[in-house]
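A note on names: the letters A, B, ... follow the listed sequences, proteins ahead of strands, and every chain is numbered from 1.
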There are 2 protein chains.
Amino acid sequence: MAHSHEVPSDLTRNQGLVLGALNHSEGPLSAYDILDKLRGDGLRAPLQVYRALDKLVERGLAHRLESLNAFVACADEHCHRKGLIAFAICEGCGKVDEFADAVIEERLGDWAKAKGFKVERTTMEIRGKCETCALAA
Amino acid sequence: MAHSHEVPSDLTRNQGLVLGALNHSEGPLSAYDILDKLRGDGLRAPLQVYRALDKLVERGLAHRLESLNAFVACADEHCHRKGLIAFAICEGCGKVDEFADAVIEERLGDWAKAKGFKVERTTMEIRGKCETCALAA
DNA sequence: CTCAATACGTTATAGCATAACATCGCCGCA
DNA sequence: TGCGGCGATGTTATGCTATAACGTATTGAG
């Protein structure tokens with residue numbers, strides 16, 4: 001079944017709808033997937049979805065998967081995640097596993113420091129097959 | 001000035017043209033950027049560029065930057081890179097720095113092993129400001 | 001109340017990527 | 001030589017992803 005996060009109460013209507021759609025989905029959704037799910041709730045234009053997604057991503061309630069041009073709800077119930085987040089995306093079933101790794105984060109930080117590079121955000125995405133799908137293949 | 005890689009001789013005409021365009025560019029190029037640069041050489045349709053890019057990426061002669069929907073030539077002169085590659089992308093000047101880190105690779109490998117996840121490819125992209133642009137800001 | 005800031009709604013358009021189909025050229029081999 | 005397969009190519013059409021530009025509505029601070 002899908003996630004069952006609580007939706008923060010200070011979201012706007014559209015933000016709440018979009019986050020709800022993400023929470024109830026098994027896997028990542030494109031902005032247009034979301035739009036289709038929410039037409040019944042009065043959403044009509046891509047921009048309504050993109051604007052809500054921008055805010056949600058900004059607040060860390062949702063994440064953008066760059067390699068998929070799609071979005072997922074943050075897997076962390078109360079969104080305590082601060083640092084770098086990595087995603088493992090299964091090409092078989094589409095499920096996404098979200099995790100953090102302090103060593104990797106530190107390592108990237110070291111590299112950046114050595115180069116004088118000022119990091120603003122990092123995307124890390126692993127594509128492959130989850131255990132279930134790998135065994136089924 | 002731009003890179004000065006040699007172009008492998010077994011590339012097809014279109015592949016050679018596309019790789020040449022990437023090699024002569026200071027920064028990442030979208031497929032349509034490439035197309036525009038190569039109209040004078042007879043290329044007319046996006047698909048011609050995308051097909052060449054697919055092959056080049058497959059062979060490791062070029063890389064796709066997911067967070068930019070753009071492509072760069074591989075920075076390694078003779079394309080000896082085997083493992084995971086990371087990219088630092090400057091939002092100021094657009095330059096891309098390509099690097100590898102064995103520790104990160106090992107760390108991801110450990111995670112995957114523990115989860116039974118079969119990795120097919122990984123994208124790691126840092127967005128931020130390079131030293132020059134950070135100081136200028 | 002008034003202003004500023006933010007969200008919202010709508011239309012149009014820009015930018016990225018692939019489907020589908022026909023052709024061509026090269027190479028191995030009967 | 002000539003057949004046959006395969007991969008690259010060319011072309012048109014189309015689909016998916018994302019934002020520009022405009023105006024209205026709502027909210028909250030002073």
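A straight line from CD of A:Gln15 to C1' of D:dT27 spans 14 Å, rounded to a whole angstrom. Summarising the geometry, the separation between CZ on A:Arg51 and C1' on D:dT19 is reported as 10 Å, rounded to the nearest angstrom. Distance, B:Leu35 CG to D:dT12 P: 13 Å, rounded to whole Å. If you measure from atom CZ of B:Arg13 to atom P of D:dT9, you get 10 Å, rounded to the nearest angstrom. The CG-P distance, from A:Leu47 to D:dT24, rounds to 17 Å in whole Å. Distance, A:Tyr50 OH to D:dA20 C1': 14 Å, rounded to whole Å. Distance A:Ile34 CD1 to D:dT17 C1': 12 Å, rounded to the nearest Å.
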- Message: Applying side-chain hydrogen bond (donor to acceptor under 3.5 Å, both in side chains) to B:Glu125 and B:Ser67, what does each step give before you reach the verdict?
- Response: CA-CA 7 Å; B:Glu125 299 175 19; B:Ser67 67; 2.5 Å; yes
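Listed nucleotides D:dA21, D:dG10, D:dT11 differ in distance to B:Asn14; the shortest reach to its side chain belongs to D:dG10.
Map B:Ala70 and A:Gln48 each onto its nearest nucleotide of DNA chain C; the residue landing nearer the 5' end is A:Gln48. Toward the 5' end of DNA chain D, the nearer of the two residues B:Asn69 and B:Pro46, judged by each one's closest nucleotide, is B:Pro46.
In plain terms, the two heavy atoms of B:Phe117 and A:Arg127 that are nearest each other are CE2-C, 4.0 Å. The minimum heavy-atom distance between B:Cys90 and B:Cys93, with the atom names listed, is SG-N, 3.4 Å.
Annotation: side chain of B:Val72 is in contact with side chain of B:Pro28 (closest heavy-atom distance under 4.5 Å). With a 4.5 Å cut-off on side-chain heavy atoms, B:His63 and B:Ile85 count as touching.
Between D:dC16 and A:Ser30, no contact under 4.0 Å exists linking OP1 or OP2 to a side-chain N or O.
Using a 4.0 Å cutoff to heavy atoms of chain B, the contacted part of DNA chain C runs 5' to 3' from C:dC16 to C:dA20.
The distance from atom CZ of A:Phe99 to atom CD1 of A:Ile104, rounded to the nearest 0.5 Å, is 6.0 Å.
For the helix from C:dC1-D:dG30 to C:dA30-D:dT1, the angle separating the two terminal helix axes comes to 20°, with each axis derived from five pairs and the value rounded to 10°.
Note on B:Arg44: only backbone sugar-phosphate atoms sit closer than 4.0 angstrom, heavy atoms only; bases stay farther off. Base engagement by A:Ala45 is indicated by at least one non-hydrogen atom pair under 4.0 Å involving a base atom.
A side-chain donor-acceptor contact under 3.5 Å links B:Asp33 to the backbone of B:Ser30.
Between the side-chain ring of A:Tyr32 and the base of D:dT17, a stacking contact exists by the 5.5 Å and 30° definition.
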